[in-house]
Amino acid sequence: MKFEQHLIDLTIEAIHSIFGIEIEAKLVSVQKTNLIYRNEGDFTIVVFPFTRFSKKSPEETAQMLGDYLAAHSEIIESYGVVKGFLNLRILSKYWVGMIQKEAEETALPVDNREKILIEFSSPNTNKPLHLGHIRNNLLGWSVSEILKANGHDVVRVNLVNDRGIHICKSMLAWEKWGKGETPESSGIKGDHLAGKYYVLFDQYYKEEIKSLIASGLTEEEAKQQAPLMQEAREMLKKWEDNDAEVMQLWNTMNGWVYEGFDVTYKQMGISFDKTYYESQTWQKGKSLVEDALKNGNCYQKDDQSVWVDLTAEGLDEKILLRSDGTSVYMTQDLGTAYIRHNEHQPKQMIYVVGNEQNYHFDVLKLVLQKKFGFQWAESIFHLSYGMVELPEGKMKSREGTVVDADDLMEVMIQTAQTTTEELGKTLNFDLDEQTQLYQVLAMGALKYFILKVDPVKNIVFNPAESIDFNGHTGPFIQYTHARICSLMKKAGESETASNPFSSQTPITQKERQLIQLLYEYPAVVQEAGQRLSPALIANYAFELAKEYNQFYHESPVLKESDADIRQMRLGISAFTAGIIKSAMHLLGIEVPERM
RNA sequence: GGUCCCGUAGCUCAGUUGGAUAGAGCAACAGCCUUCUAAGCUGUGGGUCGCUGGUUCGAAUCCAGCCGGGAUCACCA
């Protein structure tokens with residue numbers, strides 16, 4: 001920051017001149033003045049570190065420093081001392097100019113052209129998306145938008161887990177109890193249809209286990225020997241052998257699921273640049289492991305299973321190939337990472353995956369790097385996020401306590417509609433506009449609710465109470481934007497000022513705060529990019545909207561007289577609307593022009 | 001048990017490289033719509049920043065130990 005730097009330089013000079021001591025810039029702390037003391041300054045210098053050699057009290061030291069700075073800098077209007085804090089008030093005519101220049105200098109790069117791959121969503125094809133996926137998808141989308149805003153070349157990637165025993169269960173159940181039923185014939189969305197049969201499988205499977213246990217088997221034995229499970233395994237085997245009939249069923253059912261996912265993703269407002277399917281990458285992992293076995297970086301046990309030893313790295317031994325030679329989750333992920341890196345050569349590979357898989361990614365990275373010798377594995381970053389839990393505890397798909405993504409979004413839209421109608425906001429909206437608005441508000445509320453929380457934290461989600469439209473919410477910010485739009489419209493085109501901040505215009509305290517906040521936006525986006533944190537953007541947007549609302553209410557009605565002030569306020573409003581729109585875009589949230 | 005994460009107001013969350021009297025929203029109470037959108041604004045009440053010690057002029061923030069909650073340590077994905 002140029003402005004802070006100027007004050008730091010000046011302070012170093014002052015210390016040298018007053019006390020005859022050269023100090024390091026590190027010792028000088030310049031910060032925005034705490035809001036409580038804003039009436040006496042814009043910036044604050046902390047003088048405690050100087051008392052060591054000033055041999056005076058903090059107050060006296062601050063006083064001396066203040067005297068010097070006021071005498072030697074033309075930009076300082078006045079200063080005040082509170083304990084060891086020196087508060088500096090900057091002359092308005094300099095303040096606006098400098099803060100504007102600063103913003104230009106920290107402006108976001110248009111082009112950083114670092115290629116960054118980001119994987120998110122990663123669904124299974126045996127059931128529809130749920131609340132957990134919603135957090136994942138929103139995070140992934142927002143982070144990728146933030147990285148784009150920082151000038152990076154972002155590739156959004158989805159990895160569909162389309163093979164394995166889980167989808168075979170759905171297929172088997174459909175063959176047994178639902179043959180002939182299609183999304184068209186039943187009117188059920190494709191992914192929900194697959195999910196229906198997955199649940200059905202589990203029900204009958206449980207019954208089988210129960211009766212087997214009753215006939216004297218242990219629970220373990222029962223689980224293994226249940227006829228349904230054995231049939232599912234056979235089906236998986238047939239799938240791996242490329243059996244024509246099974247493959248056809250697999251293709252059909254997965255096709256239904258993808259159609260269903262498309263609808264959900266569209267409703268969520270997200271999309272991908274590339275979709276990978278595990279059915280197309282799992283073999284690569286297997287061959288990588290086989291190579292490592294030959295090179296002695298993995299080892300084989302007596303039962304033919306293949307392992308990797310990570311005890312030297314402080315982790316455990318990890319299985320990579322089962323005794324029957326088939327691959328496990330880790331094996332597939334190794335292959336996928338390899339293929340992806342070869343295809344894109346990215347500078348960084350981000351995986352948006354829940355924190356329950358922290359260990360998995362530690363292992364993945366270590367194996368690639370230390371055992372397979374791929375230096376690029378360093379570029380793997382696991383963007384880990386906390387679980388979404390319900391008030392009753394964790395969601396359990398088998399107990400039917402999962403919150404379905406489609407259902408939740410539907411409920412949100414209905415709530416948006418009732419709330420809006422109760423307020424009588426859409427009386428002169430036509431039907432299309434109404435539908436559009438409810439959609440935008442509902443998704444805004446949901447997305448904001450999820451994204452405003454730091455990703456590392458778990459979220460407790462109460463479907464009935466959690467999502468509101470008042471207060472610290474997406475709709476509040478959307479509302480602020482809509483109100484500005486309406487204001488600008490009334491003011492008329494001619495008055496949308498291009499350069500609102502003429503240095504002659506007097507500025508109130510509230511206006512200073514708001515302007516300062518507006519110009520911080522690029523820095524916030526940069527930090528959000530470094531920390532991969534949509535929450536930073538979300539909280540900034542709220543603060544800005546709130547600040548604007550206060551400004552709006554404090555400002556007297558704009559009359560035709562006072563053209564300068566009127567012009568400036570309109571300028572601030574237009575500027576605010578622009579930043580809100582941009583910030584919300586980074587969260588994947590649309591802002592309506594009226595609501 | 002080992003490793004990792006979390007703990008801030010009744011609830012949901014912010015809290016910058018350590019800085020001033022720890023902030024919002026919700027909920028509660030009291031006000032504000034002849035004037036640019038009241039999904040808003042203003043005010044009141046509400047805190048042992050999990051506990052204890054350490055470093056520092058100064059700790060919610062850094063360090064150590066403990067307490068509480070969660071995740072993970074599968075021939076599941």
Side-chain angles (χ1 to χ4, degrees), chain A residues 26 29 31-37 44 46-49 51-52 58 82-85 87 122 124 126 161 163-166 278 301 303-307 314-316 318-330 332-333 354-360 362-363 384 386-387 389 394 416 419-420 422-423 425 441 445 449 452-454 456-462 465-466 468-480 482-491 523-524 527 535-536 538-540 542-543 545-546 549-550 552-559 569-570 573 594-595:
Chain A
K26 235 179 103 182
S29 160
Q31 52 200 248
K32 277 203 297 180
T33 297
N34 189 304
L35 284 181
I36 309 161
Y37 299 100
T44 297
V46 185
V47 303
F48 287 106
T51 54
R52 204 177 312 151
V82 182
K83 290 190 247 176
F85 300 92
N87 298 319
S122 322
N124 291 352
N126 62 324
N161 181 15
R163 52 159 244 118
I165 194 79
H166 52 86
E278 284 203 347
K301 287 191 176 173
D303 64 0
Q304 302 301 301
S305 58
V306 178
W307 296 71
L315 302 179
D316 297 320
K318 192 86 189 167
I319 189 162
L320 294 181
L321 290 178
R322 297 192 186 97
S323 47
D324 64 2
T326 56
S327 67
V328 294
Y329 174 48
M330 180 60 70
Q332 297 164 12
D333 245 14
N355 63 11
E356 56 196 348
Q357 293 195 34
N358 286 354
Y359 182 70
H360 172 79
D362 287 347
V363 173
S384 166
M387 301 287 94
E389 286 165 18
K394 236 189 143 177
T419 309
T420 309
E422 274 167 17
L423 289 169
K425 293 267 185 185
L441 287 176
F449 179 81
K452 74 174 176 182
V453 183
D454 184 341
V456 304
K457 291 188 175 171
N458 287 358
I459 291 182
V460 179
F461 185 86
N462 188 334
E465 296 170 13
S466 286
D468 208 347
F469 292 80
N470 302 317
H472 189 181
T473 66
F476 166 79
I477 301 168
Q478 291 171 318
Y479 170 71
T480 306
R483 192 155 61 174
I484 296 174
C485 287
S486 146
L487 188 149
M488 298 312 294
K489 206 172 165 188
K490 283 211 171 110
V524 173
E527 201 185 338
L536 228 53
N539 286 301
Y540 169 84
F542 175 67
E543 202 186 328
K546 207 184 144 171
N549 274 309
Q550 289 169 0
Y552 176 94
H553 282 274
E554 278 183 21
S555 304
V557 177
L558 299 170
K559 289 281 189 301
R569 291 197 181 132
L570 284 173
S573 296
R594 57 190 195 127
M595 61 184 271

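In what follows, chains carry the letters A, B, and so on, assigned in the order in which the sequence lines appear, proteins first and then strands, with residues in each chain numbered from 1. FYI, side chains are in, hydrogens and waters are out, and symmetry mates aren't considered; it's all heavy atoms of this structure.
- Taking the six-membered ring for Trp and thresholds of 30 and 60 degrees, His360(A) and Tyr329(A) have nearly parallel ring planes, at less than 30 degrees apart.
- Among the protein residues, Arg52(A) comes within range of no part of the nucleic acid, since none of its heavy atoms lies under 4.0 Å from any strand.
- In the set A20(B), C36(B), G40(B), G40(B) carries the atom at the smallest distance from any side-chain atom of Asn549(A).
- Heavy atoms of Phe48(A) sit under 4.0 angstrom from at least one base atom.
- With its glycosidic angle within 90° of 0, C33(B) is assigned syn.
- A77(B) atom P lies 9 Å from atom CD1 of Ile165(A), rounded to whole Å.
- The nearest heavy atom of RNA chain B to Leu321(A) and to Leu536(A) marks one nucleotide each, and the one closer to the 5' end goes with Leu536(A).
- The shortest distance between the side-chain N/O atoms of Arg483(A) and the OP1/OP2 oxygens of A39(B) is not below 4.0 Å.
- Remark: Tyr479(A) is in phosphate contact with A39(B), judged by side-chain N or O atoms under 4.0 Å from OP1 or OP2.
- In this structure, Phe85(A) forms an aromatic stack with the base of A20(B), since both conditions hold: centre separation below 5.5 Å and plane angle below 30°.
- The nucleotide C4(B) finds its pairing partner in G70(B), both defining distances of the Watson-Crick or G-U wobble pair being shorter than 3.5 Å.
- Residue-level contact check: Met595(A) touches the bases, meaning some heavy atom is under 4.0 Å from a base atom.
- The partner of A28(B) is U44(B), judged by Watson-Crick or G-U wobble contacts that both fall below 3.5 Å.
- Looking only at distances, a side-chain donor or acceptor of Asn458(A) sits under 3.5 Å from a matching main-chain atom of Met387(A).
- As judged by a 4.0 angstrom heavy-atom cut-off over every strand, Asn34(A) is placed among the base-contacting residues.
- Backbone-only engagement by Asp454(A) is indicated by non-hydrogen atom pairs under 4.0 Å involving sugar-phosphate atoms exclusively.
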List the protein contact pattern of nucleotides 5-11 of chain B with one symbol per nucleotide (5' to 3'): B for base contact, S for sugar-phosphate-only contact, - for none; contact means a heavy-atom distance under 4.0 Å. SSS----
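- Computed from coordinates, the Tyr540(A) OH to A24(B) C1' distance equals 17 Å when rounded to whole Å.
- Here the side chain of Lys452(A) pairs no donor or acceptor atom with the backbone of Phe542(A) at under 3.5 angstrom.
- Residue Asn87(A) is in base contact, counting any heavy-atom pair closer than 4.0 Å across all strands shown.
- OP1 and OP2 of A77(B) both lie 4.0 Å or more from every side-chain N or O belonging to Gln357(A).
- Remark: the Thr420(A) side chain and the A39(B) base include a donor-acceptor N/O pair separated by less than 3.5 Å.
- Rounding to the nearest 0.5 Å places CZ of Arg594(A) at 6.5 Å from NZ of Lys489(A).
- Arg322(A) places no side-chain N or O within donor-acceptor distance of the main-chain N or O of Ser305(A), the cut-off being under 3.5 Å.
- With hydrogens and angles ignored, the 3.5 Å screen pairs a side-chain donor or acceptor of Asp454(A) with a backbone N or O of Val456(A).
- Asp324(A) comes within 4.0 angstrom of nothing in the nucleic acid, heavy atoms only.
- In this structure, Ser573(A) contributes its side chain and Arg569(A) its backbone to a donor-acceptor pair below 3.5 Å.
- Between the side chains of Asp468(A) and Thr473(A), no donor-acceptor pair of N or O atoms lies under 3.5 Å.
- Counting non-hydrogen atoms under 4.0 angstrom, Leu35(A) reaches nothing in the nucleic acid.
- Side-chain proximity of Pro49(A) to G40(B), C57(B), U21(B): nearest is C57(B).
- Evaluation of atom-type donor-acceptor distances gives no pair under 3.5 Å for the side chain of Lys26(A) against the base of U17(B).
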Spell out protein contact along nucleotides 25-34 of chain B as letters: B when the base is contacted, S when just the sugar-phosphate is, - when no protein heavy atom is under 4.0 Å; keep the 5' to 3' order. SS--------
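- With A20(B), A14(B), U72(B) as the choices, the nucleotide that has an atom nearest any side-chain atom of Thr44(A) turns out to be A20(B).
- Closest contact between the side chain of Lys83(A) and the listed nucleotides A77(B), U37(B), A20(B) involves A20(B).
- Checked against a 6.0 Å centroid threshold, the rings of Tyr479(A) and Phe469(A) do not count as neighbours.
- For A74(B), neither phosphate oxygen OP1 nor OP2 lies less than 4.0 angstrom from any side-chain nitrogen or oxygen of Arg322(A).
- If you check the side chains of Asn34(A) and Thr44(A), you find no donor sitting under 3.5 Å from an acceptor.
- Backbone-only engagement by Val453(A) is indicated by non-hydrogen atom pairs under 4.0 Å involving sugar-phosphate atoms exclusively.
- Judged by distance alone, with hydrogens and angles left aside, the side-chain atoms of Thr51(A) form no donor-acceptor pair with the main-chain N or O of Val47(A) at under 3.5 Å.
- For Ser486(A), a side-chain nitrogen or oxygen approaches OP1 or OP2 of U37(B) to under 4.0 Å.
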